[in-house]
There are 4 protein chains.
Amino acid sequence: MSTLKNHVQLIGNVGQEPTITNLESGKKVARFSLATNEYYKNDKGEKTQTTDWHTVVAWGKTAEITEKYVGKGKEVGVTGKLKSRSYEDNDGIKRYVTEIEANEILLLGTKNGK
Amino acid sequence: MSTLKNHVQLIGNVGQEPTITNLESGKKVARFSLATNEYYKNDKGEKTQTTDWHTVVAWGKTAEITEKYVGKGKEVGVTGKLKSRSYEDNDGIKRYVTEIEANEILLLGTKNGK
Amino acid sequence: MSTLKNHVQLIGNVGQEPTITNLESGKKVARFSLATNEYYKNDKGEKTQTTDWHTVVAWGKTAEITEKYVGKGKEVGVTGKLKSRSYEDNDGIKRYVTEIEANEILLLGTKNGK
Amino acid sequence: MSTLKNHVQLIGNVGQEPTITNLESGKKVARFSLATNEYYKNDKGEKTQTTDWHTVVAWGKTAEITEKYVGKGKEVGVTGKLKSRSYEDNDGIKRYVTEIEANEILLLGTKNGK
DNA sequence: TTTT
DNA sequence: TTTT
């Protein structure tokens, strides 16, 4: 888990309530979407915004923190690594997804942003 | 282009010769796949390796540097941001891709790693 | 200004009001101290905190943003690079200082954290 | 050890052989200086270089890796955190130093850069 | 010198 | 004190 070789950091707002899955092993997995917003002025000097949506996955203890503290609209910081995987959807079509596997999730702008 | 809000860094090896596209505007776009390798020992103490593949896109001047210096097998460092977009493939299926839009590409382990 | 070769990121609280210097050239320089706090449990299971203090320097436009928005106690994110320099103090003793030269300063936990 | 709150990354060349200290506890500490070089053209279009020197400290297992593999002139990548501390020098003058406490040290441009 |  |  080298942070030199594969490192992602995002600061943004949570799109929806995280989904929590309890694995048979007793481990938890949390998954949520995160919007990163950039504000800039376009050619005409008008204020514009771009939003990028990211899928964040958290395992184990980080999933538990997610379940407790991360909610829709909250501002969070995430560090982790980029992982890609493929699966077959219900129509038998091979799909590729890229997710951010979180090492750390930090609540920002809150009293308990510890 | 906030590096606090959306920042990716990768160090790895280039999978294939980059593809270069010359846009009508005269601008260049370079695209290549990058493998990040992690080495670790598994439960049984055996040396194991995980490889993650990433798609890197470079525009303008960074594309030109890519065209000149980046080649199959080379060790490179990349920083940039995560961008997701969708398109329809030839069968009319909506596809989602996540790419790293490079700000900077650094050649490592070379005499011209400037 | 390679973010691969020399990159620092901090999220913390501002210790004091920034000092602003107006250079003869008309350019501004802002300087402030930033505390990064880590919370953990010690050997005895007691909650403990470590604080590291950093000196952040901002030039030009980033200095102007600092002057307007950064104040004592505020939570801010900073990215930039590590710079070291030496000077002689009033007693003629050579001093070395390490500062973070900010590329970007982001206000966190605020409505205008854009 | 939050990489969101306090994170440094450097890629550069080692200035001298690392110094290794064996603590009474049996733990090792390694310390070395690292040069990060930036190349750019100045106002007159001449190629110029700036070098920043950093002090890297590694503890425990990372110190052992440093002892084995890190040597003068080698190209290495380092991630870690910024730590400042003070001490009294031999003349009783209080000195402040800022060091990078390494989490990870990666040998670049070598066959064993794993 | 901040914050929790 | 490194490197290109």
Side-chain angles (χ1 to χ4, degrees), chain A residues 69 77 106-114, chain B residues 65 69 77 106-114, chain C residues 2 4-6 10-19 30-41 46-56 66 69-78 82 84 86 96 99-100 105 107-110, chain D residues 2 4-6 10-19 30-41 46-56 66 69-78 82 84 86 96 100 105 107-110:
Chain A
Y69 299 112
L106 186 65
L107 302 178
L108 299 169
T110 59
K111 299 300 175 298
N112 57 349
K114 301 176 185 178
Chain B
I65 291 170
Y69 299 113
L106 185 65
L107 302 179
L108 298 170
T110 59
K111 299 301 175 296
N112 57 349
K114 302 178 184 178
Chain C
S2 163
L4 267 158
K5 290 181 173 176
N6 184 343
L10 303 170
I11 293 180
N13 297 90
V14 178
Q16 296 166 292
E17 288 305 315
T19 61
R31 192 172 248 103
F32 63 92
S33 55
L34 187 72
T36 51
N37 300 298
E38 302 270 359
Y39 304 89
Y40 59 92
K41 290 186 182 167
E46 300 159 336
K47 285 187 184 176
T48 322
Q49 168 183 346
T50 329
T51 299
D52 286 292
W53 285 99
H54 313 275
T55 301
V56 178
T66 301
Y69 299 113
V70 174
K72 184 174 176 173
K74 290 272 178 67
E75 185 183 26
V76 302
V78 173
L82 262 189
S84 294
S86 63
Y96 297 87
E99 297 166 323
I100 293 92
I105 293 180
L107 301 178
L108 298 170
T110 60
Chain D
S2 163
L4 266 158
K5 291 181 172 177
N6 184 342
L10 304 170
I11 294 180
N13 296 90
V14 178
Q16 296 166 293
E17 288 304 315
T19 60
R31 191 172 250 103
F32 62 93
S33 55
L34 187 72
T36 52
N37 300 297
E38 302 270 359
Y39 304 89
Y40 59 92
K41 290 187 183 167
E46 299 160 336
K47 286 188 183 173
T48 323
Q49 168 183 347
T50 329
T51 299
D52 287 293
W53 285 98
H54 313 275
T55 302
V56 178
T66 302
Y69 298 113
V70 174
K72 183 174 177 174
K74 289 273 177 67
E75 185 182 26
V76 301
V78 173
L82 263 189
S84 293
S86 64
Y96 297 86
I100 293 93
I105 294 179
L107 302 178
L108 299 169
T110 58

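Letters A, B, ... mirror the listed sequences (proteins, then strands); counts begin at 1.
- To the nearest angstrom, C1' of dT4(F) lies 12 Å from CG of Leu106(B).
- Here Ser84(C) pairs with Thr98(C) under the side chain to side chain donor-acceptor pair (under 3.5 Å) rule; sequence neighbours left out.
- For Ala35(D), counting side-chain heavy atoms from C-beta on, the closest listed nucleotide (dT2(E), dT2(F), dT1(E)) is dT2(F).
- Whole-Å rounding puts the Asp52(C) CG to dT1(E) P distance at 17 Å.
- Taking CG from Leu4(D) and OG1 from Thr36(C), the interatomic distance works out to 12.0 Å, rounded to the nearest 0.5 Å.
- One can place CD of Glu17(D) at 12 Å from P of dT2(F), the figure rounded to the nearest angstrom.
- Atom OH in Tyr40(C) sits 11.0 Å away from atom CD in Glu46(C) (nearest 0.5 Å).
- Trp53(C) qualifies as a stacking partner of the dT1(E) base, centre to centre under 5.5 Å and near-parallel within 30°.
- Contact annotation for Thr36(D): no contact, since no heavy-atom pair falls under 4.0 Å across all strands.
- For the pair Asn13(C) CG and dT1(E) P, the interatomic distance rounds to 15 Å; values are reported in whole Å.
- Distance, Gln16(D) CD to dT3(F) C1': 14 Å, rounded to whole Å.
- Note: CG (Asn6(C)) to P (dT2(F)) measures 19 Å, nearest angstrom.
- Glu38(D) has its CD atom 13 Å from the C1' atom of dT3(F), to the nearest Å.
- Rounded to a whole Å, the CD atom of Gln49(D) is 15 Å from the P atom of dT1(F).
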